[in-house]
2 protein chains.
Amino acid sequence: MAPNDTPQARPSLRERKKQRTLEELAAAAARLFAEQGFEATTLEEVVAAAEVSKRTFFRYYGSKEAVALAPEGQLWERYVAEVAERPLGGTVLDSLRSALLDTVTRMPLGWEERFYACRRLAAHSPTPALRDHTVVASFHVQAELTGILERRLGTSSEADVRLRLLGEFALSAWRCGAKEWVMGREPGQTGRPAMDATPDPLDAGTAARVRGGRERLLRRVDEAFAAIPASLALSAD
Amino acid sequence: MAPNDTPQARPSLRERKKQRTLEELAAAAARLFAEQGFEATTLEEVVAAAEVSKRTFFRYYGSKEAVALAPEGQLWERYVAEVAERPLGGTVLDSLRSALLDTVTRMPLGWEERFYACRRLAAHSPTPALRDHTVVASFHVQAELTGILERRLGTSSEADVRLRLLGEFALSAWRCGAKEWVMGREPGQTGRPAMDATPDPLDAGTAARVRGGRERLLRRVDEAFAAIPASLALSAD
DNA sequence: ATATCCAATGCCACTCAGTGGCAGTTTTTG
DNA sequence: CAAAAACTGCCACTGAGTGGCATTGGATAT
C-alpha cells in the first residue's frame, strides 16, 4: 500500500514537512528562550518565528514547556523504544542502565548541545515550570518502563513493587547523573557551586564546550548507577 | 515580644483565622472536586463556596492542584520537619524510612481518609494535572531532604551523589507504597486491577473503609522500603 | 491531467488559571 | 486611641490551552 516499500523508505513528502515544522518550532523556541528567557517569551512569539499558527503548535507539542525541553523528549522517545526491543539479560537494573547509555550514545550529532542548553534554561529559570516538567517527563518514562518490563518479564506476584522501584531507580540515576553534568561538577569535588559564577544567559561563543561533551554525561550517569548500592548502605558518620 | 509566651502558646487570633480559611478552602475544594470532578470545577466555584476572593485563595495555595492535594501537602510539611530534627542513627535510608512512618502515624485523626480521597481523585482524573502535581510535590520534598542531609551529615566529596540518590529512593518507596495502597492491591496478588471495577465517583457510604486504614498504608510503605535491595538484584528469569 | 479524498493548517472566539495594583478593613502594637 | 502592619477584596489584565469550522494542499484513483 505505501508508495515507498523501497529498502531506503524515503518518508513521504508530507512526513518530511511535518518533521520540518517540528524542528523549526523547537529551533525557534530554543533561540527565543535563550535570548529572552522562558517566561519572558510568549507562545505567540514562538509560533510567529516558526511561521505557524498557535493552533498548529499544540498539534506538535503538548505545552510551552514541552517544546522548550524537546531534546529531552527525543531522548525519552528513543529510550523506551530501546528498552522495549533490546534483549535483556543479567540484572534488570543493568539492562536499564546500558540501554540508557546506548541511547544517549546514539543520539544525533550535536544533540548534547541542545540538551545542555535546555537543561541550563530550566536550571536558571525564575519559575519552576521547566524544572517541574523535566521531573514529570521522567516519570512518564518510568511508568512506561514499568509497563514494558511487566510485559517482557511476565510480572509475577509481588515482583510488581520491585519492578516499579526499578523504573524509579533508573530514572533517579539519570536525574542525578544529568544534574551533576549540567552543574559541571567534578566527581571528587566538594561543596556547591564548583563552577565559576556565570549566570550568563548565553555563554559566549565556544565557551560552552558543553561541560566536557557527551562522554562526560555518559560517565556521570554511569557513576550514578554505580553509586546506588553504596548509597543504600550509607550511614550517619 | 509575642503576646503569648504562655506555655500553651495559644496561636493569636489572626493565626487562628488564617488556619480556618486554610481548612475551609481545602474542605470546599475536596467537596466540590469529589462531586463534580477536578477539571469540571472552576476555581471561582471553590472560592465562592469558601467565601473568599480568588485573590486570597492564591495567598494560601499555590495552585488549583495544590488545594486538591492539601492532605499530601500537610504530610510533606511534617515529614521534612521530622527529618530535620530527629536524631539519625544507623543507615540514612533507615532513618528516612522510620521518619516517614512516624510522620504518617502522627498525622491528625481522619487524615488518611482525606488523603485517600485526594489520591483517588488524582488517579481517576481524565487529565494528568493532579497526578503530575503529586510527582512534582514529592520532588520538592526530595530536594529539601537532600539539603537537610547535606547540612546534617556535612556532605563530603562524592557522597553528594549518594545523598541525592537516597532522597530519591525514599520518595520512590513512598510513591510505590502509596500507589499499592490506593489500588487496594494485596501484596501476594497478581495482575492489574485486583479490585472490583468501580469507577464510582464517591464510594457509597462507608464502602471506603479506606482500603484498610492507616495501618495498611504504613505496611505498604514499609514493604516498599524493604523491597529495595531485592529489586536491585532482580534479574530476567 | 483531473477529480477526489483526507490529513494538516489557519483563523477566531472562548475559558480559565494565575498576577499586579491599590484601596479598604481588621488585628496588633505602642 | 492612634499608628503601623497584616490581611482581604475588587478589578483589570495576561497568556496558555481548546473547540469548531472553513481552507489548503499533498496523496490517490481514474
Side-chain angles (χ1 to χ4, degrees), chain A residues 1-6 9-25 28-29 32-33 36-69 125-130 132-133 136, chain B residues 1-6 9-25 28-29 32-33 36-69 125-130 132-133 136:
Chain A
M1 287 303 169
N4 40 8
D5 292 3
T6 65
R10 175 79 160 308
S12 76
L13 169 60
R14 187 177 266 172
E15 287 306 313
R16 273 179 288 149
K17 284 187 82 169
K18 276 172 62 174
Q19 188 62 29
R20 237 182 107 246
T21 14
L22 197 74
E23 287 163 9
E24 270 171 13
L25 277 169
L32 289 171
F33 291 159
Q36 318 174 346
F38 178 73
E39 30 278 321
T41 307
T42 73
L43 219 39
E44 304 275 3
E45 298 180 79
V46 174
V47 300
E51 295 182 301
V52 295
S53 72
K54 193 172 65 163
R55 202 66 189 76
T56 296
F57 170 87
F58 284 103
R59 294 184 182 109
Y60 283 88
Y61 293 95
S63 66
K64 190 185 175 187
E65 288 79 29
V67 70
L69 298 170
S125 282
T127 57
L130 277 180
D132 289 354
H133 190 89
V136 167
Chain B
M1 288 303 171
N4 41 9
D5 292 3
T6 65
R10 176 83 161 307
S12 77
L13 168 61
R14 187 175 267 172
E15 287 306 313
R16 274 179 288 148
K17 286 185 81 171
K18 277 171 63 174
Q19 187 61 30
R20 236 182 107 247
T21 8
L22 197 74
E23 286 163 8
E24 270 171 13
L25 277 170
L32 288 172
F33 291 158
Q36 318 174 347
F38 178 73
E39 29 278 319
T41 307
T42 73
L43 221 37
E44 305 275 2
E45 299 180 78
V46 174
V47 299
E51 294 181 303
V52 295
S53 73
K54 193 173 65 163
R55 201 66 189 77
T56 296
F57 170 86
F58 284 103
R59 294 186 183 109
Y60 283 89
Y61 292 96
S63 65
K64 189 185 175 188
E65 289 79 28
V67 71
L69 299 170
S125 281
T127 58
L130 278 180
D132 290 354
H133 190 88
V136 167

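These numbers come from a predicted model, not from an experiment. Throughout, protein chains are lettered first and strands after them, A, B, ... in sequence-line order, and every chain is numbered starting at 1. Values below: every heavy atom of this structure, side chains too, minus hydrogens, waters and symmetry copies.
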For DNA chain C, the residues among residues 46-55 of chain B that have a non-hydrogen atom under 4.0 Å from it: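 Those residues whose heavy atoms fall under 4.0 Å from DNA chain C, taken from residues 46-55 of chain B in numerical order, are B:Lys54, B:Arg55.
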For the side chain of [X], starting at C-beta, report the closest nucleotide among [options].
| X | options | value |
| --- | --- | --- |
| B:Arg59 | D:dT8, C:dA17, D:dG17 | D:dT8 |
| B:Thr42 | D:dA27, C:dA17, C:dG10 | C:dA17 |
| A:Thr21 | C:dA17, C:dT9, C:dT26 | C:dT9 |

By side-chain hydrogen bond (donor to acceptor under 3.5 Å, both in side chains) - contacts of B:Glu24 (at least two apart):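 In terms of side-chain hydrogen bond (donor to acceptor under 3.5 Å, both in side chains), with neighbours along the sequence ignored, B:Glu24 is linked to B:Arg20.
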Residues which pass side-chain hydrogen bond (donor to acceptor under 3.5 Å, both in side chains) with B:Glu44, listed by chain and number, not counting sequence neighbours: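 By the side-chain hydrogen bond (donor to acceptor under 3.5 Å, both in side chains) rule, B:Glu44 matches no residue at all.
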For residues 55-66 of chain B, please give each side-chain donor-acceptor pair under 3.5 Å, one per line with the distance, not counting sequence neighbours.
from: B:Thr56; atom 1: OG1; to: B:Ser53; atom 2: OG; distance (Å): 3.1
from: B:Tyr60; atom 1: OH; to: B:Thr21; atom 2: OG1; distance (Å): 3.3
from: B:Tyr61; atom 1: OH; to: B:Leu22; atom 2: O; distance (Å): 3.0
from: B:Ser63; atom 1: OG; to: B:Glu65; atom 2: N; distance (Å): 3.4
from: B:Ser63; atom 1: OG; to: B:Glu65; atom 2: OE1; distance (Å): 3.4
from: B:Ser63; atom 1: OG; to: B:Ala66; atom 2: N; distance (Å): 3.1
from: B:Lys64; atom 1: NZ; to: B:Phe38; atom 2: O; distance (Å): 3.1
from: B:Lys64; atom 1: NZ; to: B:Thr41; atom 2: O; distance (Å): 2.8

Distance below 4.0 Å between B:Lys18 side-chain N/O and D:dC7 OP1 or OP2: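 So the side-chain polar atoms of B:Lys18 do come within 4.0 Å of the phosphate oxygens OP1 or OP2 of D:dC7, strictly under.
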C:dT27 phosphate, OP1 or OP2, under 4.0 Å from B:Lys17 side-chain N/O: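 Looking at the OP1 and OP2 atoms of C:dT27, one of them is under 4.0 Å from a side-chain N or O of B:Lys17.
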Sugar-phosphate, base or nothing in reach of B:Tyr60, heavy atoms under 4.0 Å: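 The residue B:Tyr60 makes sugar-phosphate contact but no base contact.
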Sugar-phosphate only, base, or nothing, as touched by B:Phe57 at under 4.0 Å among non-hydrogen atoms: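 The residue B:Phe57 makes no contact with any strand.
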Side chain to side chain contact (heavy atoms under 4.5 Å, CB included) partners of A:Ala49, counting only residues at least two apart: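 Checked A:Ala49 against side chain to side chain contact (heavy atoms under 4.5 Å, CB included); matches are A:Ala28, A:Arg31, A:Leu32.
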Residues that A:Glu51 engages under side chain to side chain contact (heavy atoms under 4.5 Å, CB included), provided they are two or more places apart: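 Side chain to side chain contact (heavy atoms under 4.5 Å, CB included) check on A:Glu51 returns nothing, list empty.
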First of B:Ser63 and A:Arg14 reached from the 5' end of DNA chain C, by closest nucleotide: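 That would be A:Arg14.
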Interatomic distance, B:Glu45 atom CD to B:Thr42 atom OG1 [nearest 0.5 angstrom]: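 These two atoms lie 4.0 Å from each other.
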